[in-house]
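Throughout, residue positions are numbered sequentially from 1 according to the sequence presented.
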Amino acid sequence: MFIKIYNALIMILYPLVIKRYINKRKENGKEDLKRFNERIGRPQMPRPEGKLVWLHGASVGESISMLPLIQKILDNAPDVHVMVTTGTVTSADVMSKRLPERAFHQFIPLDNPIFTTRFVKYWHPNVALWFESEFWPAMLSSIKRKNIPLILINGRISNKSFKRWQQFDFISKELLSCFTLCLGQSEEDAYRLHVLGAANTLCLGNLKYAGLPLPIDTDKKKQFLKMAQNRPLWLASSTHDDEEVRIAKVHKRLKEKIPGLLTIIAPRHPQRGAEIKEAIAKLGLHSVLRSQEEKLSPESDIYIADTIGEMGLWYDIAQIVFVGGSFIPHGGQNFIEPSRMRDAVIVGPHMHNFTDAMNRAKKADAIIQVGDTLELEETVFQLMENKELLEAKRSLAYNWANSEAKVLDGIMDKVKGYI
């Protein structure tokens, strides 16, 4: 009943309210105007012949986490094509560069039953794998009506979401009834999905732990290392607002003890580059923007890597990495990627987005968690001064990340039965 009411309301509200919102997104560059037809369920490319597996994720992080499974599917089924859908321009750009042969990208339609029905009817995949945490009623019901198996991959229900959904369990039960199988990131997630109404739940682990190596442009690496001139360096990755200033203050203190120190900051949202540079300048520090192709000089303190798709380059160049989103109550960013790149990884106190992984990493001594910037400063200094400690921490992180990657085989075993 809820889905029927939702679909009816969307039909009424779309021309009155939602269309205006979409027009503003277009004006702000948040929609790809050349491909906007995809957002209304009108694709501009033909459906490939044969079997089609559809994977959907909303963000860059979710779409990147799909890549190992995509490769696994294509390797195991040479007659299959893979379609990936996302909702943002940034994720579409990343996917266009990283999808393998026999895989292609489309924008997910807006959640209007007319658009979603049109989309599902046109592509009619053999199975749909849902990576997004948001459950869009119009799309889920369109999939269910066509009797297409729908599997939730890497399902996560936070404490806050669980309590909220329990208040509206009649809605969660109806939405989760659209799924054939729900795979939780952890046993707790699988349990919560079951309580909220999912009929078939299971935990095989977190697919993000099985990520493919990030791409590295060797020519760009050579260019940067030549520009850096063997200066000692470390990286602060996926940083958020306010964290960059804290990192810059750490740099200011550290450079008194480590001559020639260079700090690389790769912000979570690269468009903030100019804003970050301005804030750092107020501290009396000199920074340069990669997006503007500004060159490092011996006087440069901080290199702001405000570009998209180059994180593998920075993880490869640095040996010491602080992962952002963890000095603020955001809950942390993916610390498994630098671990897999054999970096010594440091995080702040707020890592509740990765509680399950953090517990296992701590048990393996594969992660360094600090409580504040003074502790971060001391940790970076110790790692730079003590090469044996640095090598030990790098090896522990790398070995742990590799052991976590086994989840991919378990998920593939479940998925292949529906292909």
Side-chain angles (χ1 to χ4, degrees), residues 61 64-65 68 154 156 158 185-189 203 205-214 233-240 243-244 246-247 250 254 263-268 311-312 314-408:
I64 289 175
S65 72
N154 256 28
R156 181 174 178 271
S158 67
Q185 285 187 14
S186 66
E187 294 291 351
E188 184 69 17
D189 291 311
C203 172
N206 191 334
L207 190 59
K208 287 184 179 180
Y209 305 159
L212 295 172
L214 296 174
L233 59 84
W234 68 297
L235 166 68
S237 71
S238 299
T239 55
H240 289 245
E243 289 184 312
E244 293 88 7
R246 299 192 202 187
I247 296 298
V250 169
L254 274 174
T263 297
I264 304 170
I265 294 178
R268 173 67 173 170
M311 195 59 78
W314 309 123
Y315 284 153
D316 189 55
I317 287 171
Q319 295 183 349
I320 302 169
V321 176
F322 167 78
V323 178
S326 59
F327 268 148
I328 58 173
H330 175 78
Q333 298 295 157
N334 189 337
F335 70 91
I336 294 97
E337 287 180 339
S339 301
R340 197 179 297 117
M341 299 285 282
R342 206 173 177 276
D343 292 323
V345 183
I346 312 166
V347 296
H350 301 286
M351 287 296 293
H352 53 264
N353 289 342
F354 296 87
T355 302
D356 189 52
M358 279 294 294
N359 289 337
R360 290 201 295 277
K362 284 181 177 179
K363 191 175 181 180
D365 198 18
I367 191 81
I368 305 169
Q369 188 166 29
V370 298
D372 53 35
T373 52
L374 290 176
E375 202 174 339
L376 173 63
E377 175 192 340
E378 181 59 27
T379 301
V380 173
F381 180 71
Q382 286 181 357
L383 290 171
M384 286 196 167
E385 290 294 296
N386 189 333
K387 297 302 180 186
E388 288 185 6
L389 175 64
L390 174 59
E391 282 304 308
K393 288 298 182 182
R394 292 177 68 199
S395 295
L396 286 166
Y398 178 75
N399 292 337
W400 171 77
N402 277 351
S403 70
E404 290 287 313
K406 293 180 289 186
V407 62
L408 180 61

Shortest non-hydrogen contact from [X] to [Y]?
{"X": "S186", "Y": "C203", "value": "C-SG, 3.3 Å"}
{"X": "S65", "Y": "L207", "value": "O-CD2, 3.6 Å"}
{"X": "I64", "Y": "P68", "value": "O-CD, 3.8 Å"}

Supply the atom-to-atom distance [X] [atom1] to [Y] [atom2], rounded to the nearest 0.5 angstrom.
{"X": "K387", "Y": "Q319", "atom1": "NZ", "atom2": "CD", "result": "6.5 Å"}
{"X": "S395", "Y": "W400", "atom1": "OG", "atom2": "CH2", "result": "15.0 Å"}
{"X": "D372", "Y": "E377", "atom1": "CG", "atom2": "CD", "result": "10.0 Å"}
{"X": "F354", "Y": "N334", "atom1": "CZ", "atom2": "CG", "result": "5.0 Å"}
{"X": "E244", "Y": "R268", "atom1": "CD", "atom2": "CZ", "result": "12.5 Å"}
{"X": "L214", "Y": "Y315", "atom1": "CG", "atom2": "OH", "result": "7.5 Å"}

Return the orientation label for the H240 and H330 ring planes: parallel under 30°, perpendicular over 60°, tilted otherwise. tilted
Any side-chain heavy atom of [X] sitting closer than 4.5 Å to one from [Y]?
{"X": "D189", "Y": "D356", "result": "no"}
{"X": "M341", "Y": "D316", "result": "yes"}
{"X": "V370", "Y": "F327", "result": "yes"}
{"X": "Q382", "Y": "L390", "result": "no"}
{"X": "S158", "Y": "H352", "result": "no"}
{"X": "L383", "Y": "I346", "result": "yes"}
{"X": "I336", "Y": "E404", "result": "no"}
{"X": "F322", "Y": "S237", "result": "no"}

Short N-O contact, R246 and E243, less than 4.0 angstrom: no
Between R342 and E391, is the closest basic N to carboxylate O distance under 4.0 Å? yes
Check the pair R156, N206 against side-chain contact (heavy atoms from CB on, under 4.5 Å), reporting the backbone distance first and the verdict last. CA-CA 10 Å; R156 181 174 178 271; N206 191 334; over 6 Å; no
For the pair N386 (side chain) and E388 (backbone), establish whether a donor and an acceptor sit closer than 3.5 Å, ignoring hydrogens and angles. yes
Are any side-chain N or O atoms of S326 and backbone N or O atoms of G348, one a donor and one an acceptor, separated by less than 3.5 Å? yes
Any chance you could lay out the side-chain contact (heavy atoms from CB on, under 4.5 Å) test for M358 and V347, step after step, and finish with the verdict? CA-CA 10 Å; M358 279 294 294; V347 296; 3.9 Å; yes
side-chain contact (heavy atoms from CB on, under 4.5 Å) for V250 and V380? Distances and angles first, verdict last. CA-CA 10 Å; V250 169; V380 173; 5.6 Å; no
Single hit among T239, V345, D343, L235 for side-chain contact (heavy atoms from CB on, under 4.5 Å) with V323: V345
Would you check, one step at a time, whether the test side-chain contact (heavy atoms from CB on, under 4.5 Å) holds for I247 with L376? CA-CA 9 Å; I247 296 298; L376 173 63; 3.7 Å; yes
